Amino acid sequence: MRKVVAIYPGSFDPITNGHLDIIERGTRLFDELIVAVLVNTEKAPLFSAEERADMIQEILGNRAPKVRIATFEGLLVTFAQRQNARVIVRGIRAVSDYEYELQMALMNRRMQPEIETVFMMPSEAYSYLSSRLVREVFRFGGTIDGLVPPLVIERLRSKLVRL
Ligand code: PNS
């Protein structure tokens with residue numbers, strides 16, 4: 001049987017425990033999971049693509065042999081096709097995520113009909129969690145313990161002056 005390669009794309013600015021939850025679930029379903037960090041987000045990212053990818057690599061270490069970390073620019077479906085990926089994984093937290101995700105999934109399908117988008121739900125403990133909130137809470141002195149790995153807190157500390 002052909003092995004199923006899946007892509008888990010995102011900004012990951014920074015990676016959260018919600019993302020890690022999806023990665024873990026994804027590795028149970030697919031033969032290979034490529035965590036694909038978007039280089040040029042429309043929003044200016046806090047961490048460079050290399051910093052974001054390095055953080056993920058360090059956090060996963062060699063605990064996740066099925067996971068590969070990459071950065072990509074341009075269209076996701078073009079990158080997915082080059083990687084021979086048949087599946088795009090996206091995490092859905094709440095109904096509010098669905099509309100945007102549906103638009104992306106259908107646009108991606110229109111461009112590349114043989115790639116299927118699979119939506120996965122993270123643990124409900126992370127259903128309110130986002131990278132944007134993590135950055136904001138940290139910046140204004142709130143605690144983000146338990147929402148991101150300790151390494152992310154360390155990197156946020158060296159990147160941001162807390163207000
Ligand atoms: O973590 P995010 O910011 O929600 O991830 C969004 C991402 C990276 C999946 C999306 O912006 C994307 O795929 N960007 C690449 C450009 C592209 O393919 N755009 C068309 C999407 S239909």
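Ligands are counted one by one from 1 in listed order, and the atoms in each one are counted from 1 as well. None of the values given here were measured: they were computed from a predicted structure.
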Please work out whether any backbone atom (N, CA, C, O) or any side-chain heavy atom from C-beta onward of Leu76 is under 4.0 Å from ligand 1, and answer side chain, backbone, both or neither.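 Leu76 to ligand 1: contacts from backbone and side chain alike.
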
So is Ser131 touching ligand 1 or not, going by heavy atoms under 4.0 Å?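 It does not, in that no heavy atom of Ser131 comes within the 4.0 Å cut-off of ligand 1.
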
Just to check, does Gln103 reach to within less than 4.0 Å of ligand 1 when the distance is taken from its heavy atoms?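 Gln103: no contact with ligand 1 (<4.0 Å).
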
Those atoms of ligand 1 less than 4.0 Å from some heavy atom in [X]:
{"X": "Met104", "value": "10 (C), 22 (S)"}
{"X": "Met107", "value": "22 (S)"}
{"X": "Gly74", "value": "15 (C), 16 (C)"}

Option with minimal heavy-atom separation from atom 17 (C) of ligand 1, where the choices are Val39, Leu75, Val77: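 Ranked by closest heavy atom to atom 17 (C) of ligand 1, first place is Leu75.
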
Quick check: is Met104 connected to Phe12 through a chain of hydrophobic side chains (ILVMFWY, heavy atoms under 4.5 Å apart)?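 Phe12 does not cluster with Met104.
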
Group every Ile, Leu, Val, Met, Phe, Trp and Tyr by side-chain heavy-atom contacts under 4.5 Å, then state whether Leu147 and Leu160 land in the same group.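 Yes.
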
Identify the heavy atoms of [X] and [Y] that sit nearest to each other, and give their distance.
{"X": "Pro9", "Y": "Arg90", "result": "O-NH1, 3.0 Å"}
{"X": "Phe119", "Y": "Ala105", "result": "CZ-CB, 4.0 Å"}
{"X": "Ser127", "Y": "Arg93", "result": "O-CB, 3.3 Å"}
{"X": "Lys159", "Y": "Leu46", "result": "CE-O, 3.5 Å"}

Tell me whether Asn108 has any N or O atom under 3.5 angstrom from an N or O of ligand 1.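 For ligand 1, there is no N or O atom that lies under 3.5 Å from one belonging to Asn108.
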
Decide whether an N or O pair under 3.5 Å exists between Ser11 and ligand 1.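 Yes; the residue has a nitrogen or oxygen that sits under 3.5 Å from a nitrogen or oxygen of the ligand.
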
Is there a side-chain contact between Ile144 and Leu156, using heavy atoms and a 4.5 Å cut-off?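 Ile144 vs Leu156: side chains touch.
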
